[in-house]
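The structure appears below as structure tokens.
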Amino acid sequence: MSDASYQERRGKIETYFDRTAADAWSKLTSDAKVSRIRETVRAGRDDMRQTLLSWLPQDLTGKRLLDAGCGTGMLAVEAARRGAEVVAIDVAPTLIEIARERLPSDLGPGSVDFQAGDMLDPTHGRFDHVVAMDSLIHYRPEDVVKVLAGLAARTSGSIVFTFAPRTIPLTIMHAVGQLFPRSDRSPAIEPVSESKLRGLIGAESGLSGWRPERTRRIAVGFYMSQGLELLPR
């Protein structure tokens, strides 16, 4: 991975979600009324979140889980309610503040530690499971596999993440998005075909001990994303 490439993109993502999109993201991840387009995004994200959670053990008691790119914390809270000790990281401090404000008191046996920072920071320690939902879709595929390798080095159980599948509908939606004023645009996504991504994973030495397993693509209105599970060989 080009560290410069990763850091440059990470900086743009932080600026967008911490400033431009913070209010919109807060509404999208709540029960507030949103536009019909954003309703489809909300529905798609809800479906994807439940999909990724379904790939994790139902009982996560005593397990450490990294929510890499936690946003306002919806997945982190659900994992904690299964008993997980969740470290929830996001590049945007504003979203972390919202997540902390929304954190319910009835988490049961689990816990959530919300932190603004870098998902690759080794000081976060080791994990049993890692979830990266829609947090890697803005990075170049070559950088994505390097990020996965970095996470894999500190993970013993599974890594479940999403990528933007290269499809005609997604290409069209991306082109339409370029018509919006630059200030309203999110950082560009980096679509990749499943076959190419699997090839990159297979060629990455840091992932030689891992294999892709379950996958599921979700397309709801303006939301399209594909989940992929990585397991130790």
Side-chain angles (χ1 to χ4, degrees), residues 10 13-14 16-18 21-32 41-139 147-148 150-152 154-163 216 218 223 225 227-230:
R10 181 181 176 278
I13 294 169
E14 177 181 357
Y16 177 75
F17 285 104
D18 195 47
D23 184 60
W25 204 250
S26 175
K27 291 178 180 177
L28 181 68
T29 56
S30 70
D31 56 4
V41 175
R42 178 186 284 168
R45 285 182 53 82
D46 288 347
D47 197 355
M48 180 59 78
R49 184 172 64 255
Q50 293 308 314
T51 294
L52 299 186
L53 285 166
S54 75
W55 293 350
L56 299 174
Q58 185 60 39
D59 184 1
L60 290 168
T61 303
K63 302 296 184 181
R64 292 194 84 227
L65 183 145
L66 174 65
D67 185 354
C70 64
T72 58
M74 298 176 77
L75 188 147
V77 167
E78 293 191 46
R81 284 181 168 148
R82 293 190 190 180
E85 299 171 9
V86 183
V87 177
I89 307 296
D90 201 276
V91 297
T94 300
L95 296 186
I96 290 296
E97 290 176 11
I98 295 170
R100 287 172 177 160
E101 291 171 358
R102 292 181 180 178
L103 184 64
S105 58
D106 58 339
L107 287 180
S111 63
V112 182
D113 178 15
F114 286 114
Q115 299 181 33
D118 191 336
M119 69 180 90
L120 291 179
D121 187 341
T123 63
H124 299 317
R126 295 190 59 83
F127 298 93
D128 297 285
H129 302 281
V130 172
V131 181
M133 177 178 152
D134 294 347
S135 55
L136 301 179
I137 60 175
H138 302 292
Y139 295 95
V147 169
L148 293 172
L151 295 172
R154 296 184 287 117
T155 306
S156 60
S158 65
I159 300 173
V160 295
F161 70 101
T162 62
F163 63 94
R216 185 186 177 208
I218 294 175
Y223 180 86
S225 189
L228 184 62
E229 174 188 50
L230 295 181

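Everything numeric in this text was worked out from a predicted model, so none of it was measured.
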Gap separating the [atom1] atom of [X] from the [atom2] atom of [Y], nearest 0.5 angstrom:
X: Glu97; Y: Leu95; atom1: CD; atom2: CG; answer: 9.5 Å
X: His124; Y: Arg154; atom1: NE2; atom2: CZ; answer: 7.0 Å
X: Ile98; Y: Thr72; atom1: CD1; atom2: OG1; answer: 7.0 Å
X: Leu56; Y: Thr51; atom1: CG; atom2: OG1; answer: 11.5 Å
X: Phe163; Y: Asp134; atom1: CZ; atom2: CG; answer: 11.5 Å
X: Leu60; Y: Leu65; atom1: CG; atom2: CG; answer: 6.5 Å

Residue pair [X] / [Y]: nearest heavy atoms and the distance that separates them:
X: Cys70; Y: Phe114; value: SG-CD2, 4.0 Å
X: Tyr223; Y: Ser225; value: OH-CB, 3.3 Å
X: Trp55; Y: Val160; value: CE3-CG1, 3.8 Å
X: Pro104; Y: Arg81; value: CG-NH2, 3.5 Å
X: Gly117; Y: Ile89; value: O-CG2, 3.5 Å
X: Pro109; Y: Gly83; value: CG-CA, 3.8 Å

Can you confirm whether [X] sits close enough to [Y] that some side-chain heavy atom of one is under 4.5 Å from a side-chain heavy atom of the other?
X: Val112; Y: Leu107; value: yes
X: Arg82; Y: Asp59; value: no
X: Asp67; Y: Val87; value: no
X: Ser111; Y: Val86; value: no
X: Leu230; Y: Phe161; value: yes
X: Ile159; Y: Leu148; value: yes
X: Leu136; Y: Thr162; value: no
X: Met119; Y: Val147; value: yes

I'd like to know if Glu85 pairs up with Lys63 as an ion pair, taking the criterion as any Lys NZ or Arg NE/NH1/NH2 lying under 4.0 Å from an Asp or Glu carboxylate oxygen.
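A salt bridge is absent here (no side-chain N lies under 4.0 Å from a carboxylate O).
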
Of Arg102, Arg42, Arg45, which is the lone residue that meets side chain to side chain donor-acceptor pair (under 3.5 Å) with Thr29?
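The residue from Arg102, Arg42, Arg45 that satisfies side chain to side chain donor-acceptor pair (under 3.5 Å) with Thr29 turns out to be Arg102.
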
Can any side-chain N or O of [X] pair as donor or acceptor with the backbone N or O of [Y] at less than 3.5 Å?
X: Asp90; Y: Ile96; result: no
X: Ser30; Y: Ala32; result: yes
X: Arg64; Y: Arg126; result: yes

For a side-chain contact (heavy atoms from CB on, under 4.5 Å) check, start with the C-alpha distance between Arg10 and Asp118, then their side-chain angles and the critical distance, and finish with the verdict.
CA-CA 9 Å; Arg10 181 181 176 278; Asp118 191 336; 3.6 Å; yes

Taking side chain to side chain contact (heavy atoms under 4.5 Å, CB included) as the criterion, tell me which of Met133, Glu229, Arg216 meets it with Leu52.
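So, applying the side chain to side chain contact (heavy atoms under 4.5 Å, CB included) to Leu52 and each of Met133, Glu229, Arg216, only Met133 qualifies.
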
